[in-house]
There are 2 protein chains.
Amino acid sequence: MRTPNSANVISIASLKIACGECSLRNLCLPLDLDANDMRALEATVKNHRKLSKGEYLYRVGDPFHALFAIRTGSTKNCEIAADGSVQITGFHLPGELLGLDAISSEQHPCDVVALETTEICELPFAKLESLAHELPSLQHQLLRLMSREIADEESQLLMLGRMKAEERLAVFLLSFSSRLQRLGNSSTVLHLPMSRQDLGEYLGLALETVSRLFSRFQEEKLITVQGRNVTLLDVERLKNISENFLPSQNARS
Amino acid sequence: MRTPNSANVISIASLKIACGECSLRNLCLPLDLDANDMRALEATVKNHRKLSKGEYLYRVGDPFHALFAIRTGSTKNCEIAADGSVQITGFHLPGELLGLDAISSEQHPCDVVALETTEICELPFAKLESLAHELPSLQHQLLRLMSREIADEESQLLMLGRMKAEERLAVFLLSFSSRLQRLGNSSTVLHLPMSRQDLGEYLGLALETVSRLFSRFQEEKLITVQGRNVTLLDVERLKNISENFLPSQNARS
DNA sequence: CGTGTGTTTGAACAATGTCAATTGGTGTGG
DNA sequence: CCACACCAATTGACATTGTTCAAACACACG
């Protein structure tokens, strides 16, 4: 069931879109580059891949040679325990970078799976690194992105270590909503690309607990639920529930 | 109760020790630098600070301007929730770097507190960054260190999200033991610098649960406990207990 | 020798997980 | 177009784990 490497790499030229024209350029590697630098960056973007729902971008142990950026779609990041239990360490949306956790060991420490049809840009790391050496602002940006990832995961640790089930779901709904909003979607009418199982594996809960919480939130008129379509009805009260969370550093800047 | 800034900065000259002569040089920023580069790195190390037990190196919201490396002693990294509950996201030992989570927002997202008398080197980030621009191997090393931090925290997420209490403690004991060993200490006779409360806040458990687990592990002849002095008696069985954990990526390289 | 902080231990309770049955929605083939 | 099969989601009953509250203890420090 390995990802078939050749089958999915569609003609590079046909798919290649310049970073300068990409609608995500401000999210992905938000730099103020001049035209020259932008061309250099574009030259490092190797090609685009298209993953179908359920397909793997890479797996635990795969050798690391590139970072990936999501153009469209969404993915999950799965850490796998020896007994088979799974912890999803993050969901990723367009404009976000994948693979930062693999630079150190040069092997991917987790699986990345597409939650729906997903388009990916590949950034060969050696090229990116040498370009960063030439462009201080790119070096700075890379360090910032990694730092942000660390800070986000520390918040996530607080969630898994200290928050109760309903707080976790409220935090997730609000944070996912604001991420979708930043991509130009509604902040209250959400379509979740992941299953209840995925959510449970992300929130550190049994899928049944997640399902019950959705039902209870609906009873309490906090949200409306129809399967994976969720509408936030009372954002204020959701914020109250989640407010065990960090005071200041909460928002994804 | 803010850290008194001036009182603890003892005469810089008297404390300053060259990186090239530091016993931690292979842990802290393990580079193969020539004499020139080493001098440049040393020049960026601003000064040394000494913290007493319980003193803060920095607090949530403090402006970020430097990374810190531990020379001796140990610290804890505390993420604080609005309701006052605390999640410790990591303990740090000599040779390890602090503050990587603050680069992005330029504010520290967590508190760092000394668990015992602790000596710290300060690495002003602007200097470090511009030096990294000149020395590709330093740039690479910084990216590696941050990547490692991300990967470690993802393992931690698996622990908090999926492991049972006894597995968490077993993982902690083994991992802390191997970190101490790397510093030249015994791998089986440990002195823990943190309280049961700290451990609970790190492992996502009540302190009473941690205490009970120590007692149970002792009954089962896995370890010997006398307060904070712990001896590992049966490392094999501890490994079995913790083996829910990652198959390969577990070890701290 | 007393005081205080950290640790251990016990018992009752609450939260969440597990197992199992049911429902609902979707796509396929008759 | 309907019937069936399949998978995701819901719901209920019960078991388990870990928390909470409370008390006793122990060691270090003045």
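We name chains A, B, ... by the order of the sequence lines, and we start the count at 1 in each one. Fair warning: this is a prediction, and the values are worked out from it, not measured in the lab.
Ring orientation note: the planes of Phe68(B) and His108(B) are tilted relative to one another, at an angle of 30° to 60°. Ring geometry for Phe172(B) against Tyr202(B) counts as perpendicular: the plane angle is over 60°, on a 0 to 90° scale with 30° as the lower cut.
In this structure, Thr118(B) contributes its side chain and Glu116(B) its backbone to a donor-acceptor pair below 3.5 Å. Judged purely by atom type and a 3.5 angstrom limit, Arg168(B) uses its side chain to pair as donor or acceptor with the backbone of Met163(B).
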- Message: Working note: Leu157(A) + Glu153(B), criterion side chain to side chain contact (heavy atoms under 4.5 Å, CB included); need CA distance, chi angles, decisive distance, verdict.
- Response: CA-CA 8 Å; Leu157(A) 287 174; Glu153(B) 276 172 6; 4.2 Å; yes
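Residue Gln218(B) contributes atom CD, which lies 8 Å from atom P of dT9(C) at whole-angstrom precision. Regarding Leu203(A), its CG atom lies at a distance of 15 Å from the C1' atom of dG17(C), rounded to whole Å. Rounded to whole angstrom, the span from the CG atom of Leu169(B) across to the C1' atom of dT7(C) amounts to 15 Å.
Geometrically, Arg179(A) does not engage Phe176(A) in a cation-pi contact defined by less than 6.0 Å to the ring centre and at most 45° from the axis.
Proximity of residues 192-202 of chain B to DNA chain C (heavy atom under 4.0 angstrom from any strand atom) is restricted to Ser195(B), Arg196(B).
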Taking N or O atoms only and anything under 3.5 Å, show me the protein contacts with nucleotides 26-30 of chain D, one pair per line.
none

Might you list the N or O atoms of the protein lying below 3.5 Å from N or O atoms in nucleotides 18-21 of chain D, with each pair's distance?
unit_1, atom_1, unit_2, atom_2, d
dG18(D), OP1, Ala165(B), N, 2.8
dT19(D), OP1, Ala206(B), N, 3.1
dT19(D), OP2, Ala206(B), N, 3.1
dT19(D), OP2, Thr209(B), OG1, 2.3
dT20(D), O4, Arg212(B), NH2, 2.9
dC21(D), N4, Glu208(B), OE2, 3.2

